[in-house]
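Note that these values count all heavy atoms, side chains included, but never hydrogens, waters or copies made by symmetry.
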Amino acid sequence: MKKPKVKSFLVIGMGRFGRHLARRLQELGNSVMVVDKRENLEHDISFIFEDYLIGDCTNETVLGALGIGNFDICFVTIGKNFESSIIITSLLKNFGAQYIVTRASRDIQTDVLRKIGADQIIYPEREFAEKLAIRYNVNHIFDYFELSDNVSIFEIAVPTEWIGRNIGTLNVRQKCHVNILAVKNGADVLPMPDAAYKFRQGDIIVVMGKGDDVFCLTSQ
C-alpha cells in the first residue's frame with residue numbers, strides 16, 4: 001500500500017486552536033510551518049515545531065518571504081483580530097496561495113473573507129458546540145461526521161433489544177431510513193454487514209442518514 005503523500009501546511013496564528021491543528025498535522029507526518037507575531041511564544045513553539053517564524057504576517061515582506069505558493073494549504077487561525085485575518089487572507093491570495101482556510105467567529109465575516117480569497121471558512125467553536133449538542137441530544141451516540149447539511153455518519157451503541165437479533169429482522173432501512181455501514185466491537189470492524197449478521201453485546205453500529213432519522217433509530 002502506498003503511503004499518503006506528505007503535504008505542506010502553513011498555519012498562521014498560534015493560539016490554542018492553531019497550535020492543536022498544527023501539532024496534529026505534524027503528528028500525521030506532514031510538513032508544517034507555523035507563524036505568530038508574539039515573541040513570548042518562541043520558546044514554547046520551538047520545542048514543538050522545527051519550522052517556525054516569529055513575525056507579523058500582515059507585513060507583506062514577512063509573508064512574501066515564506067514562499068506561499070509552495071504550501072498545499074494555508075490556515076489563518078487568528079481568533080480575535082478579524083482585521084488581521086482579512087489582511088493576511090488577502091495577502092495570501094496575492095502571493096499565490098493554492099488553498100486558503102480562514103477562521104471566523106461570525107456569519108457576517110464569511111462574505112468578506114470569501115470575496116478576498118478564502119477558499120474555506122471554519123468556525124471551530126460553533127462546530128465543536130454543534131457536535132457536542134448532537135452527541136448529547138440523545139443517548140448512545142458516540143461520534144458523528146457531517147457529509148452535507150442534512151446527512152451525516154453516526155457511531156451509535158446497539159440498542160439492548162437488538163442483541164441476539166439479526167439485521168434482516170429489524171428492517172432498519174425501512175423503519176428509520178438509515179443505512180448500516182459497519183459494525184464495531186472492540187478492535188473488530190465488520191464493513192457492510194449482511195442481513196444475517198446477529199448483533200452482540202458491545203456492538204457499535206456506524207450508520208448514515210439524516211439526523212432526525214438517526215434520532216428515530218436511537219429511540220427504537
Any chain of hydrophobic side-chain contacts (each under 4.5 Å) joining Leu41 to Phe17? yes
Can you establish whether the number of heavy atoms outside Glu27 located under 6.0 Å from its atom CD is more than 12? yes
Check Val178 against Gly209 and note the closest heavy-atom contact, atom names and distance. CG1-CA, 4.1 Å
Donor-acceptor contact present, side-chain Thr58 to main-chain Ser84, <3.5 Å: no
May I ask whether Val32 and Leu66 are part of the same hydrophobic cluster, defined by side-chain heavy atoms of I, L, V, M, F, W, Y residues being less than 4.5 angstrom apart, directly or through others? no
Please give me the minimum heavy-atom distance between Val6 and Gly29, naming the atom from each residue. CG1-O, 3.5 Å
Within a strict 4.5 Å, meaning less than it, do heavy atoms of the Tyr52 and Glu42 side chains meet? yes
Please check: side-chain N/O of Gln26 versus main-chain N/O of Ile48, any donor-acceptor pairing under 3.5 Å? yes
Do the non-hydrogen side-chain atoms of Lys93 and Ile116 ever get within less than 4.5 Å of each other? no
For Ile100, which of Leu10, Leu92, Ile88 qualifies under side chain to side chain contact (heavy atoms under 4.5 Å, CB included)? Leu92
Same hydrophobic cluster for Ile205 and Phe154, using side-chain heavy-atom links shorter than 4.5 Å among ILVMFWY? yes
Could you tell me the separation between the OG1 atom of Thr77 and the CZ atom of Arg16, rounded to the nearest 0.5 Å? 12.5 Å
If we ignore hydrogens and angles and just use 3.5 Å, is the side chain of Asp72 paired with the main-chain N or O of Ser8 as donor and acceptor? yes
Spatial distance of atom CG (Leu170) from atom CZ (Arg165) [nearest 0.5 Å]: 4.5 Å
The single option from Val183, Asn166, Thr160, Asn185 passing side chain to side chain contact (heavy atoms under 4.5 Å, CB included) against Phe199: Val183
Could you pull out the closest heavy-atom pair between Thr89 and Ala118, with the gap in Å? CG2-N, 3.7 Å
If you round to the nearest 0.5 Å, how far is NZ of Lys80 from CZ of Arg103? 9.5 Å
From Ile54 CD1 over to Asn40 CG, what is the distance, rounded to the nearest 0.5 angstrom? 8.5 Å
Is a side-chain donor or acceptor of Asn179 paired with a backbone partner of Met208 at a separation under 3.5 angstrom? no
Check step by step if side-chain contact (heavy atoms from CB on, under 4.5 Å) holds for Leu28 and Phe9. CA-CA 12 Å; Leu28 291 170; Phe9 296 96; over 6 Å; no
Using a 4.5 Å cut-off on heavy atoms from C-beta on, say whether the side chain of Ile12 contacts that of Leu63. yes
Under the side-chain contact (heavy atoms from CB on, under 4.5 Å) rule, what do Cys74 and Ile68 come out as? Steps first, then yes or no, please. CA-CA 8 Å; Cys74 297; Ile68 297 303; 4.1 Å; yes
Could you tell me whether the side chain of Leu91 reaches within less than 4.5 Å of the side chain of Cys57, counting heavy atoms only? no
Kindly work out whether a path of hydrophobic side-chain contacts (I/L/V/M/F/W/Y, heavy atoms less than 4.5 Å apart) joins Phe75 to Tyr123. no
Evaluate whether atom CD of Glu50 has more than 12 neighbouring non-hydrogen atoms of other residues, nucleotides or ligands under 6.0 angstrom away. no
Counting only heavy atoms from other residues, nucleotides and ligands, does the tally under 6.0 Å from CZ of Arg38 exceed 12? yes
Closest contact, heavy atoms only, Val62 versus Asp56: CB-O, 3.4 Å
CG/Leu181 to CE/Met192 distance, rounded to the nearest 0.5 angstrom? 6.0 Å
Below 4.5 Å, heavy atoms only, C-beta onward: do Glu60 and Asn94 meet side chain to side chain? no
Would Phe82 and Leu113 satisfy side-chain contact (heavy atoms from CB on, under 4.5 Å), going step by step from the backbone distance to the final call? CA-CA 10 Å; Phe82 183 57; Leu113 291 169; 3.8 Å; yes
Do Val11 and Ile121 sit in one hydrophobic cluster, given that two such residues count as connected whenever their side-chain heavy atoms are within less than 4.5 Å of each other, even indirectly? no
Give a yes or no answer on whether the side chain of Ser46 reaches the backbone of His43 with a donor-acceptor pair at less than 3.5 Å. yes
Indicate yes or no: at least one non-hydrogen side-chain atom of Asp119 is less than 4.5 angstrom from one of Ile73. no
Do other residues, nucleotides or ligands put more than 12 heavy atoms under 6.0 Å from the CD atom of Gln98? yes
Chi angles and distances behind the side-chain contact (heavy atoms from CB on, under 4.5 Å) call for Gln120, Tyr99: CA-CA 8 Å; Gln120 184 177 357; Tyr99 195 86; 3.6 Å; yes
Heavy-atom check, side chain of Phe49 versus side chain of Met33, under 4.5 Å: no
Which heavy atom of Asn30 sits nearest a heavy atom of Lys7, and at what distance? OD1-N, 3.2 Å
Atom of Ser85, atom of Thr102 and distance for their closest heavy-atom approach: CB-CG2, 4.3 Å
